[in-house]
Structures are given as C-alpha cells and as structure tokens.
Number of protein chains: 2
Amino acid sequence: MQIDSINIAQTASAATIIYEALKKAIIEGQLADGAPLRQDEIAKMFNTSRIPVREAITMLEQQGLVVTQRYKGAVVAGISPDEAAEIWDFRALVEGHVIEAAVPRMSDETLELARSYLMAFSEGATPVDWGDQNRKFHTILYRDSGLFYHLGVIEKTLDRVDRYLRAQLALSNGLARANREHEAILAACERRDATRAAELTRQHILGAKTNLLDNLRKR
Amino acid sequence: MQIDSINIAQTASAATIIYEALKKAIIEGQLADGAPLRQDEIAKMFNTSRIPVREAITMLEQQGLVVTQRYKGAVVAGISPDEAAEIWDFRALVEGHVIEAAVPRMSDETLELARSYLMAFSEGATPVDWGDQNRKFHTILYRDSGLFYHLGVIEKTLDRVDRYLRAQLALSNGLARANREHEAILAACERRDATRAAELTRQHILGAKTNLLDNLRKR
DNA sequence: CACTTGCATATTGTATCCAATATTCGATAT
DNA sequence: ATATCGAATATTGGATACAATATGCAAGTG
C-alpha cells in the first residue's frame with residue numbers, strides 16, 4: 001500500500017509520557033533534590049488517575065532518579081560529593097573505552113554532526129543549551145562503537161548526573177575549558193587516533209570532576 | 001526500650017515481593033527466554049490484584065529483564081550472541097577496574113569469606129549452586145572497593161546475564177577452569193597484588209566469553 | 001510549659017470495575 | 001481448499017473506590 005502510516009501500537013502509554021516528563025524535569029533541575037513527587041498532584045497535571053503516575057514513579061526509582069519510602073512517597077534523589085566523584089570515575093572508565101572502540105568505525109557524517117554540536121555548544125546562551133549540546137556532542141562520538149549495552153549504561157549514568165554536569169559547565173572556567181577540550185577530542189577523532197581520543201576523553205571527564213568537586217566543597 | 005523490634009516501614013510492598021520472586025525465576029532460568037508473563041496468572045499466584053503485578057513488571061522492564069509491548073504484555077528478554085559478547089566485554093572492563101580498587105582495602109574477613117565461597121563452589125552439585133557461589137565469590141572480592149555505583153551497575157549486569165553465566169559454567173570444561181582461575185585471582189588478592197588480580201579477572205571473564213560464544217554458535 | 005494521646009486530614013497501596021486492544025476461531029464466499 | 005471477515009474471548013491499560021499508613025494539630029495530663 002502507498003499510505004504514509006505510523007505504527008499506532010508504538011504510541012506511548014500514559015505512564016511512559018508521565019515518566020518522560022518527570023525525568024526531563026528532574027534532569028533539567030526544575031525539580032530540586034529532595035522535592036516530593038505527590039501522586040495526586042501529578043495525576044491532576046496530566047489529567048489521569050494515579051495508576052500511570054505510580055508506574056512512572058516506579059520507573060524513575062529503578063533509574064535511581066528518585067527514592068521512595070513506603071506510605072511516604074517519592075522524593076528527587078540527590079547526590080553526595082563522594083557519589084559524584086565515583087560516578088565521574090565511572091564515566092571516565094566507560095566513556096574512554098567506548099570512544100576508543102568508536103573511532104575506527106566513525107563515519108564522516110558523525111564527525112560533521114559532532115562539529116555542528118560543538119558550534120552550537122559554543123554559541124549556546126543558557127545552562128540548558130550548554131548541557132544539551134554537550135551531551136549531544138559526547139553521545140554522537142560514542143554511537144558508532146555499536147556497543148549498545150555500554151551506550152545504555154552511559155545514558156542512564158548521564159541522566160543521573162545531568163544536573164550536576166550543567167552546574168559544572170556553568171562554573172567560571174567551565175565553558176571555555178570544555179570547548180578547548182572538546183575541540184581536541186574531535187581533532188583526535190578526525191585523525192582516527194583512537195588511543196588519543198580515549199585519553200583526552202578520560203582527562204576531560206576527570207578534569208570536570210575535580211572542577212565540580214572543588215566547587216561542591218566550597219559551598 | 002528493650003524490645004526486639006524491626007522497622008515495619010521497611011517491610012516490602014506486594015509489588016516488591018512479586019518483583020523479587022519474578023526476578024529470581026528469570027535469573028535462575030525457570031522462566032525461559034520469550035516466556036510470557038500473564039498479569040492475571042501472576043496475580044492469582046500471589047493472591048493479589050493485578051496492580052502490584054504491573055508495578056513489578058515495570059521494574060523488570062527497567063532492568064532489561066523483560067520487554068513489553070503495549071496491549072500485548074511482557075515476555076522474558078533473551079540475549080543474542082552479539083549482546084552477550086558485548087556484555088562480557090563490559091564486565092571485564094568494569095569488574096577489572098573495581099577489583100583493582102578493592103585489593104588495597106581488602107580485609108582479612110573478606111579474604112576468608114571468599115575462600116569459603118570458593119570451597120562451596122567446588123563442592124556444589126547443581127548449576128544453581130555453582131552460579132550462586134560463583135557470584136558470591138566475585139561479588140565479595142569487589143565489595144571493599146566501596147565503589148557503590150560501580151557495584152550497582154555490576155549487580156544489574158550480572159542479573160541480566162546470570163542464566164547464560166550458569167550455562168557457561170555447566171559446559172564440559174567450565175567448572176574446572178573456573179576453579180583454577182578463581183584460585184589464582186584469590187591468591188593475587190592475598191598477595192595484595194591489585195594489578196595482577198585485575199588482569200586475572202579480566203582474563204577470566206574474557207575466557208568465559210569465548211567459551212560461551214563457541215557454544216552459543218554451535219547450537 | 002513540656003509531653004503525651006487521640007482524632008482529623010493527607011497520602012500512599014491495593015482491589016475492583018470498565019475501556020481499549022489483541023487473538024482465536026468459526027462462518028462464509030470465491 | 002483457502003482466504004477473508006466478524007464475533008467471541010482473552011489480555012492489557014486506566015479510572016474509581018476503598019484500605020492502610022503517616023502527619024499535623026488540638027486537647028488533656030503531669
């Protein structure tokens with residue numbers, strides 16, 4: 001048949017829609033650490049019953065984005081400096097490995113996309129812009145690795161710390177430094193120097209870690 | 001007060017109980033790949049309504065242990081040889097890193113526990129025994145790293161592939177080889193040789209990977 | 001006034017019921 | 001005989017109603 005069709009079976013359930021919306025709100029920091037998620041309130045916002053809301057909250061809990069206590073409800077999960085330090089170490093380990101696997105298989109199209117995100121990053125005006133473009137830039141460089149399990153773990157880890165990542169970018173020297181280091185990583189990819197790209201990625205992440213921790217402790 | 005008390009708030013909800021039971025059934029292979037999870041059936045088994053069953057299934061889905069299709073339901077998620085290969089690579093990367101961090105902080109008590117699991121492993125009679133003791137052995141060696149995020153990711157990864165891990169152990173040369181390699185890893189830990197323990201752990205996991213893949217392809 | 005106790009209210013957990021969709025199976029037509 | 005259609009059944013998704021628990025407050029007690 002010659003009809004433009006979409007697979008209706010893939011339309012999202014109410015639970016999925018609510019989950020995505022809440023996840024976005026948490027990731028972008030619109031819901032602060034410790035903020036409670038009231039089922040009734042959310043249900044009214046989405047004009048549904050509490051059932052899909054509960055399923056959405058269950059998903060968020062599995063992702064580690066909220067913590068729930070029985071009969072008390074869910075609150076947005078914060079992150080301690082120690083946890084942040086560990087998660088940045090984890091990122092350096094996994095993202096370094098993945099980019100090393102990706103470089104030999106990296107298409108020209110990928111490199112072009114990466115460069116466009118890099119430009120959008122340096123032209124961004126708000127923390128949300130910076131965070132979005134920063135994430136797009138990194139993710140695209142990992143994609144051609146074809147390591148889907150690794151990629152999934154990285155996604156979940158980034159979701160978990162996105163708020164803090166944005167905060168780090170917004171620090172005084174965060175943006176300029178990120179730009180410089182992104183440029184170097186991309187250059188290594190373009191030279192097809194996988195080892196170097198991996199090394200630069202690890203340094204980039206670990207540098208961001210110390211930068212962030214210095215500031216977390218200062219407060 | 002002098003009363004033996006338990007924190008009732010920590011008693012599990014119906015959804016959690018069902019989740020744990022289903023997870024166990026999937027991990028131990030009692031539910032085969034592709035087996036459907038009928039909400040009504042499970043609800044009757046646990047003498048509850050379908051609501052907590054659905055929450056349990058959404059938890060399983062977030063863990064990647066089942067895949068669901070709207071209005072069609074959930075089935076146990078299988079794993080392709082490619083995915084298996086990638087996940088074993090991931091394990092080698094992360095578990096190698098974690099054991100290296102753990103060795104310098106490893107307590108004598110941990111080493112004793114590890115040795116007891118090793119003995120129980122070699123004396124086990126069934127695939128379930130082998131799998132349990134194997135997992136206990138590895139997990140205890142990682143614990144003293146204090147890297148909770150890494151440990152959580154490792155747990156989830158092992159849950160995802162536990163069935164295949166058992167299968168690999170049950171292969172002709174699986175047990176003897178695992179025993180030999182475990183012994184070497186533990187010896188390195190006892191010598192406080194972190195680098196060597198990490199290297200042996202990586203080899204152990206990657207060796208199991210090729211062993212498993214040879215057999216997956218044979219079928 | 002500090003402290004407990006009991007009640008009213010708020011919130012979450014679960015059961016029951018209805019709606020939406022998928023699947024099975026038989027009847028019919030070609 | 002095979003394919004197609006449609007009704008009956010099975011199954012999941014969601015709304016409503018009720019039960020269990022937590023929280024805040026006011027009255028009572030010392």
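In the text below, chain A, chain B and the rest are named by the order of the sequence lines, each starting its count at 1. These values consider heavy atoms only, across backbone and side chains, with no hydrogens, waters or symmetry-generated copies.
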ask   = Taking the six-membered ring for Trp, is the centroid-to-centroid distance between A/H138 and A/H204 below 6.0 Å?
value =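 A/H138 vs A/H204: aromatic centres under 6.0 Å.
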
query = If we ignore angles and hydrogens, is there a donor and acceptor under 3.5 Å between the side chains of B/N134 and B/H182?
reply =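 The answer is yes; a qualifying pair exists.
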
query = Would you call the rings of B/F90 and A/F90 parallel, tilted or perpendicular if under 30° counts as parallel and over 60° as perpendicular?
reply =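 B/F90 vs A/F90 ring planes: perpendicular.
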
Quickly work out the [X] [atom1] to [N] [atom2] distance and round it to whole Å.
X: A/R50; N: D/dA15; atom1: CZ; atom2: P; value: 12 Å
X: B/I51; N: D/dT16; atom1: CD1; atom2: C1'; value: 11 Å
X: B/E55; N: C/dT14; atom1: CD; atom2: P; value: 7 Å
X: B/K72; N: D/dT11; atom1: NZ; atom2: C1'; value: 12 Å
X: A/R54; N: C/dG13; atom1: CZ; atom2: C1'; value: 5 Å
X: B/Y71; N: C/dT21; atom1: OH; atom2: C1'; value: 6 Å
X: A/R70; N: C/dG13; atom1: CZ; atom2: C1'; value: 7 Å
X: B/R38; N: D/dT11; atom1: CZ; atom2: C1'; value: 7 Å

ask   = A/T48 near the nucleic acid: base, sugar-phosphate alone, or nothing, with a heavy-atom cut-off under 4.0 Å?
value = sugar-phosphate

task = Check every strand shown and say whether A/I57 touches a base, only sugar-phosphate, or nothing at a heavy-atom separation below 4.0 Å.
result =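 The answer is nothing, as A/I57 stays clear of every strand by at least 4.0 Å.
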
query = A/Q39 side chain N/O closer than 4.0 Å to the phosphate oxygens (OP1, OP2) of C/dG13?
reply =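 So the side chain of A/Q39 is within the cut-off, an N or O lying under 4.0 Å from OP1 or OP2 of C/dG13.
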
request  = Have a look at A/L31 and tell me which of A/V75, A/L65, A/I26, A/V66 forms a side chain to side chain contact (heavy atoms under 4.5 Å, CB included) with it.
outcome  =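 That would be A/I26.
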
